[in-house]
Each structure stands twice: as structure tokens, then as C-alpha cells.
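In what follows, chains are A, B, ... by sequence order, proteins preceding strands, each numbered from 1. Since the model is a prediction, treat every value here as computed from it, not as a measurement. Worth knowing before you read on, the calculation uses all heavy atoms, side chains too, and leaves out hydrogens, waters and symmetry mates.
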Amino acid sequence: MSGVDTSSSVVWLGSPSFPEAAREAVADTRLRANLRKATGTIRTKRLAMAGELDDWEELRTAGAAIKRATLRHLDHHLLKLEQSVTAAGGTVHWAADAAEANRIVTELVQATGEAEVVKVKSMATQEIGLNEALAQAGIMAYETDLAELIVQLGDDRPSHILVPAIHRSRAEIRQIFHDRMAEWGRPAPEELTDEPRDLAEAARRHLREKFLRAKVAVSGANFAVADTGTVAVVESEGNGRMCLTLPETLITVMGIEKVLPSFADLEVFLQLLPRSSTGERMNPYTSMWTGPVDGDGPRDFHLVLLDNGRTATLRDTVGRQTLGCIRCSACLNVCPVYERTGGHAYGSPYPGPIGAVLTPQLAGIEHAPSLPFASTLCGACYDACPVKIDIPEVLVHLRAQAVDTKRGGLVPTPEALAMKAAAVALSTPRRLAWAQRAGELGGRLLARRGVLRRLPGPLRRWSDTRDTPAPPRETFRAWWRRTRRENE
Amino acid sequence: MNSRNAILARIGAALADVPRTERYDAGAIPRDYRDSHAGVDVTALFAERAADYRATVTRTAHAPAAIAAALARRALAGLVVPDGFPAEWLPAELGLRRLADRPPLSVRELDAAGGVLTTCALAIAVTGTLVLDAGPGQGRRALSLLPDYHLCVVGADQIVGDVPEALRRLAPRRPLTFISGPSATSDIELERVEGVHGPRTLDIVIVDSNNPGTGGTA
Ligand code: SF4
């Protein structure tokens with residue numbers, strides 16, 4: 001077994017801590033207006049679609065129960081999945097961490113002799129930084145989801161799980177297509193307007209060439225069924241079907257927590273996911289396959305099972321429930337904090353409330369100590385979650401951990417002092433506010449040009465891998481209080 | 001120790017709180033949700049829900065005429081008709097170039113084909129979904145993906161009420177494609193655009209009786 005480094009891309013290197021990034025994002029009034037409109041729209045649709053089913057609560061209860069029971073016997077279901085996929089003619093690989101997953105995928109691509117792959121949106125491959133790893137091996141990875149294409153062409157980062165380019169306006173997207181498409185393949189037409197229909201058509205033409213010649217595809221998975229070996233991908237545009245059907249080799253990377261015991265369990269999740277995610281009765285396309293099929297689709301199918309911090313998350317009996325997440329993004333759309341800061345402030349491919357609990361658990365709390373504080377504990381995320389993950393409960397639990405981590409150090413940093421006080425004072429808001437102010441003042445004394453180049457003692461490892469922003473002039477809480485007044 | 005064993009060992013250690021005697025028990029999952037949200041008239045519900053996605057839906061007792069009429073509305077270069085499409089549903093005169101997938105058409109030929117005419121394995125009323133399983137009259141998955149126009153014919157007796165029943169009737173070993181309307185994106189300012197990579201136009205013909213039984217389900 002190789003050393004475990006789960007931090008790779010779970011936390012974007014060089015990202016400022018949440019309070020710092022949030023402050024900048026909140027200052028961007030256009031971004032805030034876009035986000036408010038967008039999250040408001042999806043929220044309304046989701047409520048209508050959930051409201052249409054009078055047994056929505058029963059579906060949530062079943063979904064939560066299946067996920068929690070599955071996690072309690074995860075080894076059993078994974079072995080069964082391995083057996084079923086293998087019996088169906090697929091090959092299963094196990095990856096302990098990001099580096100190993102990247103190595104496996106790179107070698108599989110190299111074995112085909114190809115130098116490019118098409119990709120269908122996958123959180124897991126973003127988490128492990130697969131595109132960058134492939135690029136280092138001279139392999140080009142083309143994102144094919146429209147929003148992912150916008151992000152890739154714009155040298156940008158995703159800011160929402162479902163709508164990764166939610167922070168981009170149509171005019172910006174037109175500019176990105178106009179400026180960058182030619183470098184990547186078929187150029188955008190000269191007369192390209194900023195009408196969404198026109199932009200989608202430009203993407204269709206640009207990507208069609210790539211689909212038709214693609215020999216290797218890399219996908220994620222929404223679900224994988226242990227008893228049959230069936231893998232499912234849920235999507236809207238058809239880029240998923242292109243990737244899953246046309247190439248000769250298909251490599252699917254999935255987190256070990258995505259396994260479901262039986263095919264029949266899909267009846268719960270195929271009702272919960274589309275309604276919670278896009279606010280539709282059903283998404284346009286769902287593909288399911290069980291190993292390779294003669295004369296139909298890829299001849300070779302590889303399933304890479306990824307740990308990368310998941311077993312560590314599993315060990316924590318409070319945090320374990322986080323692994324039940326089906327990445328619907330409903331919690332983002334109802335979160336008052338996300339609505340104002342946007343996704344980038346979370347410094348990870350997993351933004352919003354789910355990111356605030358998942359990122360510190362996958363990467364280790366020491367890599368994202370401010371994220372569990374990126375919430376008001378209002379509980380809207382819990383109410384929206386189709387699998388009833390009690391995000392506020394996990395947040396409070398992680399806040400205590402963040403404090404314990406810092407407490408282990410010989411040199412008490414201002415942040416540690418503030419967090420310690422914060423945890424003690426969680427129930428007394430006034431003391432929390434005081435403690436955070438103390439943290440900001442102390443931290444600024446150590447800072448030069450706003451960046452702490454190197455932290456002493458136990459925090460050195462953390463500051464060595466990224467520029468640690470000085471504790472912001474304005475704490476998250478102070479910012480929250482101020483902006484709320486402004487808005488309400 | 002290889003990574004497989006390492007991960008399994010880590011899981012074992014992580015689940016130290018789970019009693020050794022505890023087994024996964026599917027029967028213990030509370031399944032108090034409905035088996036179906038459909039009423040009695042699943043055909044009408046399917047027609048309404050599929051149309052909600054801006055698919056064009058026609059109900060008919062006479063398939064050939066309805067198919068001919070649907071095709072006449074679209075100016076297609078050609079039409080792929082997979083093996084096993086029921087002869088009694090086909091119009092006598094297609095009025096356009098007919099392509100068979102035998103020998104298999106190349107991706108470029110499919111891309112240029114114009115349209116495809118298929119059956120389906122079943123349809124789901126509540127969600128307005130067609131499910132294809134590569135059975136007779138459907139062909140391999142690429143056939144209903146690359147052509148820009150898809151005309152799918154559904155026998156009324158193939159329509160089930162809701163998702164649970166559909167999954168019980170489907171065979172997981174077959175490649176399954178659930179189709180709910182034409183491909184779509186809302187990635188640009190959340191404005192819905194129909195038609196990205198999959199067929200941009202989806203027509204559905206529901207045949208009310210005399211379904212020849214296209215098979216394909218478990
Ligand atoms: S935590 Fe729940 S609401 Fe949030 S993305 Fe995951 S499943 Fe959806």
C-alpha cells in the first residue's frame with residue numbers, strides 16, 4: 001500500500017480560507033444577483049416536483065435507510081459488486097488514494113495507445129485531479145458536459161455541483177467560446193451570439209467531432225448495483241450517452257460509497273434524484289450498463305473503486321452519514337451562505353453545505369479547518385436533502401474536531417484560540433463573536449502582505465502546501481451579520 | 001498488501017462499531033412509499049407527461065398512418081430502421097431513404113442519417129419516460145443517439161404506471177437507456193435549451209391496440 005495523500009485536489013491548492021474567499025465573492029454584486037436568481041429558480045422547481053409526490057417523506061426515509069444500512073456493510077457490498085462486474089465481463093480496480101486512481105486510469109489509457117479521452121462530468125475525477133494527471137502523461141482529457149466545457153475552456157473552476165458554470169453570464173460564455181474553442185478543436189462560428197440556443201449549438205458542433213473519433217471515455221457513476229453489477233449515469237445533454245456508447249474502452253471512476261445493494265433500490269433513487277437535483281420528474285437520459293455488451297458500446301469496461309479518504313470518513317460514526325450523499329445539489333440551492341458566496345469560496349470541487357462537511361472529512365480537517373464554520377446552522381440543507389443527511393449535526397461535530405486538531409499544537413495559533421473559544425461558546429453567540437475578533441487581530445500581527453508564508457509548529461505542513469491567508473479582517477460571522485442587514 | 005485488501009481492511013476497522021453478528025437486511029428498510037403514483041389511465045398520463053418535455057405525442061389505433069404523418073412533418077435525409085421493427089407498424093411507403101444497421105453503420109453514417117425509428121422496451125407514465133433495452137426494433141444504443149431525430153413507437157400495453165414497476169420488468173443485463181424528452185441543457189443562466197448532443201427532436205406514437213408485442217423486456 002502506498003502512502004495516503006487524500007488532500008490532492010479535494011482542496012484546491014492556493015485557495016484562500018473560506019472567510020477570505022467569501023468576503024471577495026460577496027463583494028461581487030453581479031455574482032450575487034446571478035446566484036440568487038439561479039438558486040431561486042431551481043429551488044422553486046424542486047419544491048414543485050417534491051410536492052407532487054405525497055409520499056416524498058417516505059421516499060426520503062427509504063433512501064436514507066438504504067444508504068445508511070449499505071454503509072454499515074460496505075465491504076460486503078463492494079465485494080459483491082466486484083464479483084458481479086467481473087462476472088459480466090468488466091474489470092474492477094481498487095484505488096486507495098488519488099495518486100493510485102490517477103495512475104490506474106493513466107495506464108489503462110496508455111494501454112489503448114490513445115492520447116485523448118472524452119469525459120462525462122464526474123465529481124470523483126475532479127476530486128482526484130485526473131485531468132491534470134493525464135496531461136502530465138501527455139493525454140488530453142476533453143470535458144463534454146456543456147458547463148464543464150465552459151469551465152475547461154475558461155481555465156476556470158466549477159462553482160456548483162449541478163451547474164458548474166453558474167457563475168458565468170451568457171456574454172462571458174460567448175467570449176470564452178469565441179476566444180478559446182479554436183485552440184481545443186472546432187472553432188466557434190464567427191457570428192456567434194450570446195443566445196443560450198446559439199451557444200449550445202456551438203458546443204454541439206465543437207464536441208461532435210470529438211465524440212465521433214473518441215476511442216476512450218472516462219466517466220463517473222451515480223450508482224453501482226452490487227447484486228447485478230449494473231452501473232448508472234444520470235444526465236441531461238446526451239454527452240454521457242456519447243461517452244458511454246461510442247468509444248471502445250470505458251473507464252468509470254466511482255467513490256466506494258456509491259454502491260447500492262440491489263437493482264430494485266434504484267426505484268427509490270430514480271425518484272429522489274431528478275426531482276431534488278434539476279427539479280424534473282425525470283432527467284432526459286439515464287444510462288445503465290452491466291459489463292460490456294457484444295456489438296453495442298465499449299468492448300472493454302473498467303471500474304475503478306476509489307477510497308481517497310472515504311474509509312476515514314466511514315470511521316467517524318457521526319460523519320459517516322455524509323457518504324450517503326447522492327450529489328443532487330439541493331442543499332446548495334437552499335443555503336443562505338452559498339447563495340451569497342457562490343461555490344468558489346469553498347475552495348474545493350464540493351461546494352455548499354455538502355462541501356462544508358465532505359471536504360474536511362475527505363481531505364482531513366487540518367486541510368480545511370474553516371469550512372465547518374461556513375454555515376449558520378439554519379437547517380435548510382437537512383430539510384432539502386433527499387437522503388436526510390443531518391448536515392448541521394456533522395458541522396457541529398467537525399467544529400469540535402477542528403478545535404481539537406489545533407489544540408494538539410505546541411504553539412497556539414490565533415486561529416486555534418479562536419476555534420477553541422468558538423466551540424466552547426457555540427451556544428453563546430456573543431462569546432463566539434468575541435473569540436473570532438481576537439483571532440483576527442492576533443493573526444494580522446503575524447501576517448506580511450496578507451499572507452502567512454509559513455506557520456510555526458504543527459501547522460507547518462499545512463502552510464507548506466499552500467499560502468495561508470491571514471485571518472481576514474472581517475470574520476465569516478461579522479460578514480454574515482453585515483450582509484444580512486444589507487439584504488433584509 | 002495490495003490496495004484492494006488495504007481498503008477492505010480499512011473498512012473493517014472503520015466499522016468496528018457495527019456488531020459482528022449484524023447482517024445487511026433488505027427487509028428492514030422502511031418501504032412505506034407508494035408503488036405507483038399513476039391513476040388508472042396510464043396511457044393518457046404518459047401522453048401528457050411526455051408532452052411536458054416538449055416531445056410531440058400522437059395516439060393512434062393505426063400505427064402506419066401515424067408514423068407516415070410524423071415523418072412527413074420532418075424533412076429527413078434518411079431513416080434508420082433497426083432489425084425487428086414490427087412490419088405491421090411500418091408504413092407501406094416511407095417516402096425517404098431507409099437504412100438498416102446491417103452490416104453495422106459507422107458513427108459517421110449514423111451522424112448523417114437524419115432520423116431513426118424505434119420501438120421501446122416499456123414506457124413509464126408518471127415520469128413520461130421511454131426505456132430502450134436494445135431489443136428487437138430498437139437496435140444498439142448508438143442508433144437512437146446519433147441521428148438528430150428520434151421517432152419512438154410505444155404500444156399502449158407497454159406503458160407501466162411508475163418507476164418501481166418499470167424496474168421490476170426490465171432486465172438489468174441488457175444495456176438500458178431511459179429517455180425523458182429530447183436532450184436538454186440548462187447550463188447557461190439556467191435557461192432551458194432543448195437539443196444538445198442527443199436527438200434534438202423526439203416524436204412519440206402511442207399505438208392503442210393491436211400491439212404486435214415487441215418484446216425486449218425480461
Ligand atoms: S448532502 Fe443531500 S442535499 Fe446535499 S448534495 Fe448530497 S444528497 Fe443532495
Bottom line for A/His160: the part with an atom under 4.5 Å from chain B's heavy atoms is neither
Most chain A-contacting option - heavy-atom pairs closer than 4.5 Å, from B/Leu145, B/Val18, B/Thr185:
B/Leu145
Nearest 0.5 Å, what's the NE2-CG distance between A/His76 and B/Leu15?
12.5 Å
Let's test your reading of the structure: which of B/Pro30, B/Pro172, B/Gly128 forms the most heavy-atom pairs below 4.5 Å with chain A?
B/Pro172
With a 4.5 Å cut-off on side-chain heavy atoms, are B/Val193 and A/Arg204 touching?
no
Taking CZ in B/Arg73 as the centre, count heavy atoms belonging to other residues, nucleotides or ligands within less than 6.0 Å. Is the count above 12?
yes
Examine whether an atom of A/Ser236 lies under 4.5 Å from a heavy atom of chain B, and if so say whether it belongs to the side chain, the backbone or both; otherwise answer neither.
both
Just so I know, are the side chains of B/Asp32 and A/Asp55 near enough to count as touching, which here means a heavy-atom distance under 4.5 Å?
no
Answer key: most heavy-atom pairs under 4.5 Å with chain B among A/Pro274, A/Gly238, A/Ala165, A/Pro284 is A/Pro284
Using heavy atoms and a sub-4.5 Å threshold, report which of residues 167-174 of chain A line up against chain B, by residue number.
A/Arg168, A/Ser169, A/Arg170, A/Ile173
Can you check whether A/Leu79 reaches B/Arg4 side chain to side chain, under 4.5 Å on heavy atoms?
yes
For A/Asp294, does the CG atom have more than 12 heavy-atom neighbours from other residues, nucleotides or ligands under 6.0 Å away?
no
To the nearest 0.5 Å, tell me how far B/Leu146 CG sits from A/Arg241 CZ.
9.0 Å
Give, as side chain, backbone, both or neither, the part of B/Pro104 having an atom under 4.5 angstrom from any heavy atom of chain A.
neither
Charged N to carboxylate O below 4.0 Å: is that the case for A/Arg281 and B/Asp162?
no
Determine yes or no for a side-chain-to-main-chain donor-acceptor pair under 3.5 angstrom, with B/Arg141 supplying the side chain and A/Asp296 the backbone.
yes
First locate atom CD of A/Glu148, then atom CG of B/Asp187, and finally report the distance between them rounded to the nearest 0.5 Å.
8.5 Å
Answer yes or no: is there a side-chain heavy-atom contact under 4.5 Å between A/Leu305 and B/Ile7?
no
Under 4.5 Å from any heavy atom of chain B, what part of A/Arg68 do you find: side chain, backbone, both or neither?
neither
Tell me, for B/Tyr53 versus chain A, whether the close heavy atoms (under 4.5 Å) come from the side chain, the backbone, both or neither.
side chain
Report yes if the side chains of A/Leu199 and B/Glu189 come closer than 4.5 Å at any heavy-atom pair, otherwise no.
no
Take A/Ile256 and B/Ile11 through the test side chain to side chain contact (heavy atoms under 4.5 Å, CB included) and record every step on the way to the result.
CA-CA 10 Å; A/Ile256 51 175; B/Ile11 295 173; 4.3 Å; yes
So do B/Arg31 and A/Ile66 actually touch side chain to side chain, heavy atoms under 4.5 Å?
yes
Looking only at side-chain N and O atoms, does B/Arg140 offer a donor or acceptor that is under 3.5 Å from a partner on A/Thr245?
no
Any chance you could measure B/Arg34, atom CZ, to A/Leu53, atom CG, to the nearest 0.5 Å?
9.5 Å
Name the region of A/Asn283, side chain, backbone, both or neither, that has any atom closer than 4.5 Å to a heavy atom of chain B.
backbone
I'd like to verify something: which residue of A/Asn239, A/Leu71, A/Thr230 has the highest number of heavy-atom pairs under 4.5 Å with chain B?
A/Asn239
Out of B/Arg173, B/Arg23, B/Arg192, B/His37, return the one with the most heavy atom pairs under 4.5 angstrom to chain A.
B/His37
For the interface with chain B, which of A/Leu212, A/Val293, A/Thr290, A/Leu59 has the highest count of heavy-atom pairs at distances below 4.5 Å?
A/Leu212
Looking at every heavy atom in both A/Phe263 and B/Leu170, which two are closest together, and how far apart are they?
CE2-O, 4.4 Å
Quick one: what part of A/Pro261 sits under 4.5 Å from any heavy atom of chain B, side chain, backbone, both or neither?
side chain
Non-hydrogen atoms of chain A under 4.5 Å away: do they reach the side chain of B/Thr129, the backbone, both or neither?
side chain
Counting only heavy atoms not in B/Arg97, do more than 12 fall under 6.0 Å of its CZ?
no
So what's closer than 4.5 Å to chain B heavy atoms on A/Leu74: side chain, backbone, both or neither?
both
Residue pair B/Ile29 / A/Ala69: nearest heavy atoms and the distance that separates them
CD1-CB, 4.1 Å
What part of A/Thr278 is in contact with chain B, defined as an atom under 4.5 angstrom from a non-hydrogen atom: side chain, backbone, both or neither?
neither
If we only count heavy atoms from C-beta on, is the B/Leu190 to A/Val163 side-chain gap below 4.5 Å?
yes
Looking only at A/Arg315, A/Lys37, A/Glu237, A/His93, the option with the highest number of non-hydrogen pairs under 4.5 Å against chain B is A/Glu237
Can you tell me which portion of B/Val126 sits under 4.5 Å from chain A's heavy atoms? Options are side chain, backbone, both or neither.
both
How many angstroms lie between atom CD of A/Glu201 and atom CZ of B/Arg200, to the nearest 0.5 angstrom?
4.5 Å
For A/Glu52, which atoms come within 4.5 Å of any heavy atom of chain B: side chain, backbone, both, or neither?
side chain
State the CG-CD distance between B/Leu167 and A/Glu267, to the nearest 0.5 angstrom.
6.5 Å
What part of A/Thr317 is in contact with chain B, defined as an atom under 4.5 angstrom from a non-hydrogen atom: side chain, backbone, both or neither?
side chain
Using non-hydrogen atoms and a 4.5 Å limit, figure out which bit of A/Ala95 sits close to chain B: side chain, backbone, both or neither.
backbone
Any side-chain heavy-atom pair of B/Ser180 and A/Glu280 under 4.5 Å
no
Report the option among B/Val107, B/Ile179, B/Leu143 that has the most heavy-atom pairs separated by less than 4.5 Å from atoms of chain A.
B/Ile179
Who among A/Pro164, A/Ser262, A/Ala62, A/Ala203 has the most heavy-atom pairs with chain B under 4.5 Å?
A/Ala62
Of the backbone (N, CA, C, O) and the side chain (C-beta and beyond), which part of B/Asp52 lies under 4.5 Å from a heavy atom of chain A, both, or neither?
side chain
Selection from A/Arg197, A/Arg72, A/Glu58 maximising heavy-atom pairs under 4.5 Å formed with chain B:
A/Arg72
Between B/Ser186, B/Pro175, B/Ala184, which shows the greatest number of heavy-atom pairs under 4.5 Å with chain A?
B/Ala184
Check whether B/Glu22 gets within reach of chain A through its side chain, its backbone, both or neither, counting any heavy atom under 4.5 Å.
both
When you check the gap from the basic side-chain N to the acidic O, do A/Glu209 and B/Arg108 get nearer than 4.0 Å?
yes
B/Pro199, part contacting chain A, at a heavy-atom distance under 4.5 Å:
both
Report the C-alpha distance between B/Leu8 and A/Trp94 in whole Å, list the side-chain angles of each, state the deciding distance to 0.1 Å, and finish with yes or no for side chain to side chain contact (heavy atoms under 4.5 Å, CB included).
CA-CA 10 Å; B/Leu8 290 169; A/Trp94 300 70; 4.0 Å; yes
Are the aromatic ring centres of A/Phe211 and B/His197 under 6.0 angstrom apart?
yes
